[in-house]
Amino acid sequence: DTGVSQDPRHKITKRGQNVTFRCDPISEHNRLYWYRQTLGQGPEFLTYFQNEAQLEKSRLLSDRFSAERPKGSFSTLEIQRTEQGDSAMYLCASSSDGTRQPQHFGDGTRLSIL
Amino acid sequence: GENVEQHPSTLSVQEGDSAVIKCTYSDSASNYFPWYKQELGKRPQLIIDIRSNVGEKKDQRIAVTLNKTAKHFSLHITETQPEDSAVYFCAASIRGSGNTPLVFGKGTRLSVIA
């Protein structure tokens, strides 16, 4: 069990550029979650999947954000036309199906918008 | 929607003393409450969780209590050590079961002074 892995660890880009992050969950986990964390705050929910189905999107997820999990394994989160306010740590977590299964987090991708 | 309040925002204790962090939640349907520890630059790590069918759970020096009537839960760390210094987050499941998105508190920065 290598845990949840995320790539890249850091991303610096200019405002207006598109960025894409990848998350590989724990191999037997069906559920995958994306959260965003800004300095001094707790993680905030963005969206989550059960296998390849996207079950819910937060109001925080504007039209510039899109997430996919095409084969029910890894997931990607894309941000188009990045803005200063998108600077944050993007965290991925995964869990098993079943009631009240714990979520395990990856190390995150830190996005900095210049 | 669910709202989680966490207090205090910072906490300093002498090594060997106990630390208590308290959280309240708003949605009476929530029934899963995890606690995460996050060290600087690292992923949130699950340290303990509690389900609504129990009032208390203990794991070595860490315990969590839950009062469903009052909608609050607390983390207790006994015999604190310098390595307990970190930011601690409480969370509650949005809709009951743990494998749905979590709502996090804003965190408590715990400093254990040797």
Side-chain angles (χ1 to χ4, degrees), chain A residues 1-7 9-10 23-26 28-51 53-61 67 88-110, chain B residues 1-10 21 23-25 27 29-54 57 59 64 66 75 86-109:
Chain A
D1 177 9
T2 57
V4 178
S5 63
Q6 294 187 244
D7 184 71
R9 291 293 311 277
H10 304 274
C23 171
D24 287 88
I26 294 171
E28 64 269 22
H29 284 182
N30 295 332
R31 299 214 170 195
L32 185 149
Y33 312 79
W34 285 98
Y35 293 85
R36 181 171 67 189
Q37 185 177 26
T38 54
L39 199 61
Q41 301 294 317
E44 295 176 297
F45 164 69
L46 295 178
T47 188
Y48 83 114
F49 295 82
Q50 178 174 344
N51 299 314
Q54 188 171 20
L55 296 187
E56 185 174 347
K57 294 189 286 186
S58 161
R59 289 171 296 175
L60 293 176
L61 212 65
M89 175 73 83
Y90 290 84
L91 292 165
C92 177
S94 69
S95 74
S96 300
D97 268 339
T99 305
R100 295 172 279 195
Q101 293 299 310
Q103 295 179 28
H104 298 276
F105 282 84
D107 287 327
T109 294
R110 181 167 297 283
Chain B
E2 176 70 283
N3 183 51
V4 175
E5 299 283 342
Q6 182 172 348
H7 299 279
S9 56
T10 60
I21 302 170
C23 290
T24 60
Y25 62 99
D27 188 351
S30 293
N31 63 4
Y32 174 71
F33 308 93
W35 285 87
Y36 287 85
K37 174 185 179 182
Q38 188 174 32
E39 297 176 68
L40 190 63
K42 296 191 176 180
R43 67 180 72 184
Q45 285 193 306
L46 178 72
I47 56 171
I48 196 167
D49 57 13
I50 192 167
R51 290 143 174 86
S52 61
N53 57 342
V54 298
K57 182 177 178 180
D59 182 3
V64 58
L66 171 64
L75 178 71
V87 179
Y88 291 81
F89 293 97
C90 62
S93 57
I94 287 180
R95 279 178 306 280
S97 62
N99 57 2
T100 54
L102 299 172
V103 176
F104 285 81
K106 291 189 175 182
T108 296
R109 181 173 299 280

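Chain naming here is simple, since letters A, B, ... match the order of the sequence lines and numbering starts at 1 in each. Excluded from the calculations below are hydrogen atoms, water molecules and symmetry mates; all remaining heavy atoms, backbone and side chain alike, are included.
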With a 4.5 Å cut-off on side-chain heavy atoms, are A:Tyr48 and B:Thr100 touching?
yes
When every non-hydrogen atom of B:Gly41 is compared with those of A:Arg9, the smallest separation belongs to O-NH2, 4.0 Å
Considering all heavy atoms of both residues, which atom of A:Pro102 and which atom of B:Tyr32 are nearest to each other, and what is their separation?
CA-OH, 3.3 Å
Give a yes or no answer on whether the side chain of A:Gln41 reaches the backbone of B:Gly107 with a donor-acceptor pair at less than 3.5 Å.
no
Using side-chain heavy atoms (C-beta onward) and a distance below 4.5 Å, is A:Gln103 in contact with B:Tyr36?
yes
Please list, chain by chain and in numerical order, all residues satisfying salt bridge (Lys or Arg N to Asp or Glu O under 4.0 Å) with B:Arg109, sequence neighbours excluded.
none
CG on B:Leu46 to OG on A:Ser95, rounded to 0.5 Å
11.5 Å
Check whether A:Ser94 gets within reach of chain B through its side chain, its backbone, both or neither, counting any heavy atom under 4.5 Å.
neither
Can you tell if the side chain of A:Gln37 reaches within under 4.5 Å of the side chain of B:Gln38, non-hydrogen atoms only?
yes
Could you report the tightest heavy-atom contact between B:Pro44 and A:Gly106, atom names first, then the distance?
CD-O, 4.4 Å
Please find the pair of heavy atoms, one from B:Arg43 and one from A:Asp107, that lie closest to each other, and give the distance.
NE-OD1, 2.8 Å
When heavy-atom pairs shorter than 4.5 Å are enumerated against chain B, which of A:Gly108, A:Pro43, A:Gly42, A:Ser58 gives the highest number?
A:Pro43
Considering only heavy atoms, which portion of B:Thr108 lies under 4.5 Å from any heavy atom of chain A: side chain, backbone, both, or neither?
neither
List for me each residue that meets side-chain contact (heavy atoms from CB on, under 4.5 Å) alongside A:Thr47, sequence neighbours excluded, and say none if there are none.
A:Trp34, A:Phe49, A:Gln54, A:Lys57, A:Leu61, A:Ala67
